[in-house]
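To keep things clear, I will list the structure first and then write my remarks on it.
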Protein chains: 2
Amino acid sequence: MEGNATLFDVARVAGVSLATASRAINGSARTVGAELREKVLRAAQELDYSPNVAARAMKRGHAEVVGMIVPDIADPYFSGIASGVMKAADEQGLMVSIASTRRQSEREAEYVAGFRRQRNRAVILAGSRTTSRAEVDRLRAEVERFEAQGGTVAAVSQRKLPVDTVVVENRQGARALAADLADLGYRDFAVLAGPRDLLTAKDRLDGFRAGLADHGVDLARERIVNGEFSRDGGYQAMEQVLAECDGVDCVFAVNDVMALGAISAIRARRLDVPRHLSVAGFGDISTLRDMSPRLTTVRVDLEKLGRLALEMILSSGDGVPRTHREKCQVVLGSSTPGPKLASRRSAARG
Amino acid sequence: MEGNATLFDVARVAGVSLATASRAINGSARTVGAELREKVLRAAQELDYSPNVAARAMKRGHAEVVGMIVPDIADPYFSGIASGVMKAADEQGLMVSIASTRRQSEREAEYVAGFRRQRNRAVILAGSRTTSRAEVDRLRAEVERFEAQGGTVAAVSQRKLPVDTVVVENRQGARALAADLADLGYRDFAVLAGPRDLLTAKDRLDGFRAGLADHGVDLARERIVNGEFSRDGGYQAMEQVLAECDGVDCVFAVNDVMALGAISAIRARRLDVPRHLSVAGFGDISTLRDMSPRLTTVRVDLEKLGRLALEMILSSGDGVPRTHREKCQVVLGSSTPGPKLASRRSAARG
DNA sequence: GTCTCCTGGGAAAAGCTTTTCCCATGAACG
DNA sequence: CGTTCATGGGAAAAGCTTTTCCCAGGAGAC
């Protein structure tokens, strides 16, 4: 009973050859007589046999493991996606390895290489990719090596790579948000835009600007402030807006945690949200749903993104990359009740 | 250049035997002549050789992977711990596999078995364990099998298993919190206590009660309401408190997300925190730090917990389980400014 | 009745590394 | 100068599974 039973033991107990035992257990193309199969399975049960995945991986060339790469697992956005991936993987009997780049996007390629060495069956790249050409090229090269080795790759919110991709409709979402805010009467916007080379951030900014343009609202260049994609980035960008921009009605932060930082910066100035300034975010992070005022944001079903990515991997196509577009939905909260009465009145008069 | 170079290729190019090549690359006990080692390393570099981890795992009996089991990766508490584990693992060149039980604690044993099959080098059990005897026994049995196979196991916030453990001083933290709240003048507490069979929840409740007792404050049994360890659990438990308990000053929720739910429940009644009721939590989740009012809570350094767990695994002891106690620290926020003026005055008078 | 084909079982190789065991060379020691 | 070690290199086995190839027996066809 010490150690682990091997397939050899099972075969011996069942009185068959290794080949038959393997075929009975794995259900290969070759059929096994019902009687023998029964015997093998009983022996396996009795010995509490579990296959040695290392040996299997060596022989098959890949392990039943999917690797996942996220910028930061502690960010609720990515842990939400990871949660969806893990749930779907569990249903398929797959293990999930997670690597966090800690927002150093150049490490993504490294981790893909690492997963290749691990002979993982698939890799899911989550998170907002960089727009830096050199990095994308390096990543693409690693992805190709991974695929050359027989692996499958999928991405979430990333359409720069020739792989199956779950795209969050960042543009559409931000555009709808802008439309709704304009409908509420806001006219003087500022945007906390995240890093300049982050695709997700860029898409949300572009969409937002487009939505405003639809309503004939212009977004001045100096009202767009770049910053880190994090809570602190939002705080600092907001400080800059407060210092430099006059007459701002409503601030759009390209993600929820930036919005959170922005609200803190506003309060640090002893101003109130939404009395003095309205704020909107993007993502609808669950821990923020109970915040008061309720943050206006754009809901993304994070778990669904993860699940879709895994499903794409399993149904891996005939080589031509597919794209699944996932819409998102505006959630209006009390953080954007409409512009201050004063300005609305003056607008009505004018 | 197609496929991957094997150690055999390296040996051939370097003009040495497999044994020498392996020894040069892995730095075994046997020394390799400087000249040959140099040749081997150059050949490996040239061929872009990377060892086949599956073959290595098979031979060595374990893979350089640590498995981690959490109740819910989307919960910021656990993703924080996971983040610490992953950071430390990365520094050691280890991969991390994560499994989420989705709060079904009976699945923990299953996942330990899964990691055993994967021949993972170690397992980290994170999260608040059940007090159910049968489940603990089953888990202990699986842990022993894992260790029998040569693996190491560590736990975070769990002292029911004979393994290296990072213990969060839940009792101490809750006790200090109770003391501070009592010092502020609160006397009429209610506790949203989480599931009855959850050790973490129980410890926090016990510590809180002890802290109150230190100040001569009694916590009546009917002021303790059990509920799920989640946001919704907090909401429901709070509803029950609002419906059934009179004269409550201050509510202690045994974790932050429950506190969040509680605050929502209070607001749903059109009451204000902290004007009508004060609320405290436990955990100091980062996304909640910007909430207004600032939630009074007990800070736990989540990343540190994860890092410590991994370090314990690497320095795996001589068999006798070690315990690292991690203190936590009370953070007083505006959600508990002290009891309402009215009651404080009457207390002063009486 | 013989030949061919198909089904299902088994032996053995392959997959890649690590490690044991053996061997040769040169140094140290008596 | 002969014996004994220590050092470093190589051949080969082990670790466990999957899969190819071979083979035997039975069924069907002519």
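Only this structure's heavy atoms are used, side chains among them; waters, hydrogens and symmetry mates stay out. Below, chains carry the letters A, B, ... as their sequence lines are ordered, and counting in each starts from 1.
- Side-chain nitrogen and oxygen atoms of T20(B) include at least one within less than 4.0 Å of the OP1 or OP2 phosphate oxygen of dG10(D).
- Nearest to the side-chain atoms of L18(B) among the listed nucleotides dT18(C), dG10(C), dG15(D) stands dT18(C).
- In this model, no side-chain donor or acceptor of R56(B) finds a partner on the base of dG15(D) within 3.5 Å.
- Rounding to the nearest 0.5 Å gives a distance of 5.0 Å between CD of Q149(A) and CZ of R119(A).
- K59(B) has its NZ atom 15 Å from the C1' atom of dT17(D), to the nearest Å.
- Side chains of S97(A) and Q118(A): a donor-acceptor N/O pair is absent below 3.5 angstrom, by distance only.
- For the pair R12(B) CZ and dC16(C) P, the computed distance is 13 Å after rounding to whole Å.
- At dT18(D), one or more side-chain N or O atoms of N26(A) fall inside 4.0 Å of OP1 or OP2 (strictly under the cut-off).
- If you measure from atom CG of N52(A) to atom P of dA14(D), you get 17 Å, rounded to the nearest angstrom.
- Here dT17(C) presents its P atom at 17 Å from NE2 of H62(B), a figure rounded to the nearest Å.
- Atom P of nucleotide dG15(D) and atom CG of L7(A) are separated by 15 Å, given to the nearest angstrom.
- M58(B) has its CE atom 11 Å from the P atom of dT17(C), to the nearest Å.
- The pair E303(B)-R307(B) does not meet the salt-bridge criterion, since no charged nitrogen lies less than 4.0 angstrom from a carboxylate oxygen.
- Distances from the side chain of V32(B) to the nucleotides dG9(D), dG10(D), dT17(D) place dG9(D) closest.
- Between the side chain of R119(A) and the base of dG15(C), no donor-acceptor pair of N or O atoms lies under 3.5 Å.
- I313(B) has its side chain out of reach of D164(B): every pair of non-hydrogen atoms, C-beta onward, lies at least 4.5 Å apart.
- Looking at which nucleotide of DNA chain D each of A55(A) and V16(B) is closest to, the 5′-most match is held by V16(B).
- Comparing G15(A) and Y49(B) by the nucleotide of DNA chain C whose heavy atom lies nearest to each, the residue mapping closer to the 5' end is G15(A).
- The separation between R60(A) atom CZ and dA14(C) atom C1' is 15 Å, rounded to whole Å.
- One atom, CD1 of I25(B), and another, P of dC16(C), lie 15 Å apart when rounded to the nearest Å.
- Between A34(A) and T6(B), the residue anchored nearer the 5' end of DNA chain C, judged by the nucleotide with its closest heavy atom, is A34(A).
- Side-chain N/O atoms of S22(B) include none lying less than 4.0 angstrom from OP1 or OP2 on dT17(C).
- Candidate nucleotides dG10(D), dC16(C), dT18(D) were compared by shortest atom distance to the side chain of S17(B), and dG10(D) ranks first.
- Of the listed nucleotides (dG9(D), dT19(D), dC16(C)), dT19(D) has the atom at the smallest distance from the side chain of R23(A).
- Not a single donor-acceptor pair under 3.5 Å links the side chain of D137(B) to the backbone N or O of A134(B).
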